[in-house]
Structure formats: C-alpha cells, structure tokens
Amino acid sequence: AGARDLAVELMFNHNEPGDVLDTRYDDTFGGGVAMTYMFNEYVGARASANYLKYTRDFDGGDLGIIRLNLDAKVSWPIIHRLSVYGIAGMGLYSWDADYIWWSDTGAENGLEIGYNWGIGASYEVWEGIEATLLYDRHSVEFEDSEDRSCWAEISLGVIFHLDPTVFSH
C-alpha cells in the first residue's frame with residue numbers, strides 16, 4: 001500500500017444489532033466489496049457496498065439492508081507489512097422490512113442517509129495482497145422512526161492491490 005494505490009477488497013461481515021435493534025433482531029452475517037484509492041501513504045478514499053439481513057428473534061419478520069458508503073480513510077504503518085487505519089463517512093442505506101415496530105403499516109422499505117466510523121488493521125500477506133480486520137459502527141434513522149438504529153460490523157477481508165500500469169494507457 002502506498003501513494004496513488006488502487007485496491008479492491010472482498011469482505012465477510014458479522015453484524016451485531018445495537019440500540020433499538022438489539023432487542024428485536026439476532027446477530028447476522030453479510031458480505032460486501034470495497035474499493036480504496038490511497039492519495040499517499042496515509043490518506044485515501046474508500047467506497048463500499050454491503051448486504052446484511054437481520055432475522056427477527058420473535059414473531060417472524062426480517063430486516064434487509066443494502067448499504068453504499070463513501071469514507072475517508074487514514075492509515076498509519078506500524079511495522080513492516082502491518083498498518084492500522086480509521087474510516088469515517090456517510091452512505092445510503094436501502095432497507096426492506098417484513099415488519100417494523102414503529103409503524104402500524106407492517107412491512108415497509110425505504111432509502112435513508114446514515115453515517116459510519118471504524119477502526120481496522122491490515123497485514124500484507126503477499127506482495128499486493130493483504131488480510132484485513134475492521135470494526136465498523138453504523139447509525140441510521142429509518143423513515144418515521146424517532147430513534148436512530150445502530151449496529152456494529154466486524155469484517156474480515158482480503159485486499160487486492162491493482163497494478164497501476166493497467167490504468168496508465
């Protein structure tokens with residue numbers, strides 16, 4: 001990883017509901033993809049797309065969320081091959097629920113703007129390939145709800161750095 005570096009990340013997520021979601025939904029798994037462009041060794045921009053589906057822990061009903069986030073990324077090399085980083089940004093959260101507790105209408109869907117922040121670490125396994133671990137928090141106020149819904153996401157990922165000569169022609 002370094003200056004003017006473009007990378008693609010594939011990730012597997014464990015999502016833990018928090019705040020108003022934790023009494024209504026069980027933990028779940030999800031997945032996604034991200035693309036990061038590092039302007040220099042320390043600062044970059046990250047775009048990610050993820051899917052998760054919470055299953056209701058009583059009375060049936062699921063909550064599916066597709067999120068598209070744009071984040072600033074700050075990275076700090078610790079030792080050779082190991083870096084820590086932080087991300088923060090905003091995104092679009094598209095959701096579809098079989099049942100919602102804050103409305104009498106039952107099933108609903110919507111598109112909301114939310115924010116996220118996280119901390120992570122990456123380790124270069126081979127030249128151009130890194131393993132990464134990220135703890136990420138998300139916060140969204142769903143339509144007609146008076147509460148912010150938050151959840152934590154722990155992601156394991158593989159980052160593939162793209163050859164810069166591919167884009168030079």
Side-chain angles (χ1 to χ4, degrees), residues 1-19 21-22 25-55 62-96 111-140 142 148-169:
R4 294 188 299 269
D5 179 49
L6 183 63
V8 173
E9 179 181 359
L10 302 175
M11 52 198 133
F12 177 71
N13 309 321
H14 176 262
N15 298 277
E16 183 177 318
D19 298 339
L21 294 177
D22 65 351
Y25 296 102
D26 292 325
D27 294 5
T28 190
F29 293 96
V33 63
M35 184 165 276
T36 301
Y37 182 79
M38 294 301 290
F39 300 103
N40 57 44
E41 189 175 9
Y42 304 102
V43 179
R46 181 178 189 261
S48 63
N50 281 268
Y51 174 77
L52 66 103
K53 185 170 187 177
Y54 285 118
T55 53
D62 297 332
L63 172 63
I65 300 172
I66 296 173
R67 65 173 182 78
L68 304 171
N69 292 86
L70 184 58
D71 301 320
K73 180 177 180 178
V74 176
S75 182
W76 192 263
I78 299 295
I79 58 173
H80 180 64
R81 296 182 148 187
L82 178 65
S83 295
V84 294
Y85 62 92
I87 62 170
M90 296 184 73
L92 291 174
Y93 295 78
S94 174
W95 58 278
D96 184 19
L111 183 66
E112 314 299 338
I113 294 176
Y115 63 88
N116 66 295
W117 62 268
I119 56 172
S122 62
Y123 182 77
E124 185 179 32
V125 181
W126 293 284
E127 185 177 346
I129 300 175
E130 295 179 46
T132 186
L133 175 66
L134 172 66
Y135 173 83
D136 200 6
R137 292 278 301 171
H138 297 270
S139 179
V140 180
F142 293 118
R148 291 201 74 79
S149 296
C150 299
W151 66 93
E153 189 172 275
I154 299 171
S155 301
L156 291 174
V158 178
I159 297 174
F160 301 94
H161 294 271
L162 303 178
D163 184 351
T165 60
V166 171
F167 303 102
S168 64
H169 299 294

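Worth saying up front: this structure is predicted, and the values here are computed from it rather than measured.
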- Query: When rounded to the nearest 0.5 angstrom, what is the spacing between NE2 in His161 and OG1 in Thr36?
  - Reply: 8.5 Å

- Message: Looking at every heavy atom in both Ala121 and Tyr85, which two are closest together, and how far apart are they?
- Response: N-CE2, 3.5 Å

- Does the side chain of Leu111 reach to within under 4.5 Å of the side chain of Leu92, using non-hydrogen atoms? yes

- Note on the structure: dist Leu10:CG -> Leu156:CG (nearest 0.5 Å) comes out at 12.5 Å

- Query: Quick check: are there more than 12 heavy atoms from other residues, nucleotides or ligands sitting under 6.0 Å from CD1 of Ile78?
  - Reply: yes

- Roughly how far apart are Lys73 NZ and Ile87 CD1, rounded to 0.5 Å? 8.5 Å

- Can you tell me how far the CZ atom of Arg137 sits from the OH atom of Tyr135, to the nearest 0.5 Å? 4.5 Å

- May I have the step-by-step check of side-chain contact (heavy atoms from CB on, under 4.5 Å) for Trp151 and Ile65, ending in yes or no? CA-CA 11 Å; Trp151 66 93; Ile65 300 172; 3.8 Å; yes

- Evaluation steps, side-chain contact (heavy atoms from CB on, under 4.5 Å), between Phe29 and Leu52: CA-CA 6 Å; Phe29 293 96; Leu52 66 103; over 6 Å; no

- Message: Return the CG to CE distance between Asn116 and Met90, rounded to the nearest 0.5 Å.
- Response: 9.5 Å

- Met35 side, atom CE; Glu9 side, atom CD - distance, nearest 0.5 Å: 11.5 Å

- Short question: side chain of Ser94, backbone of Arg67 - any donor-acceptor pair under 3.5 Å? no

- Message: Atom CG of residue position Leu68 - does it have more than 12 heavy atoms of other residues, nucleotides or ligands inside 6.0 Å?
- Response: yes

- Note on the structure: Scanning both residues in full, the closest heavy-atom pair of Glu127 with Glu124 reads CA-OE2, 3.5 Å

- Message: Do Asn69 and Tyr115 pair up side chain to side chain, a donor and an acceptor below 3.5 Å, judged on atom types alone?
- Response: no

- Query: Can you name the nearest heavy-atom pair linking Ser83 to Pro77, along with the distance?
  - Reply: OG-CA, 3.6 Å

- Nearest heavy-atom neighbours spanning Ser122 and Glu130: OG-OE1, 2.8 Å

- Hey, are the side chains of Asp5 and Tyr37 touching, using non-hydrogen atoms and a 4.5 Å cut-off? no

- Query: Any side-chain heavy atom of Asn13 sitting closer than 4.5 Å to one from Asn50?
  - Reply: yes

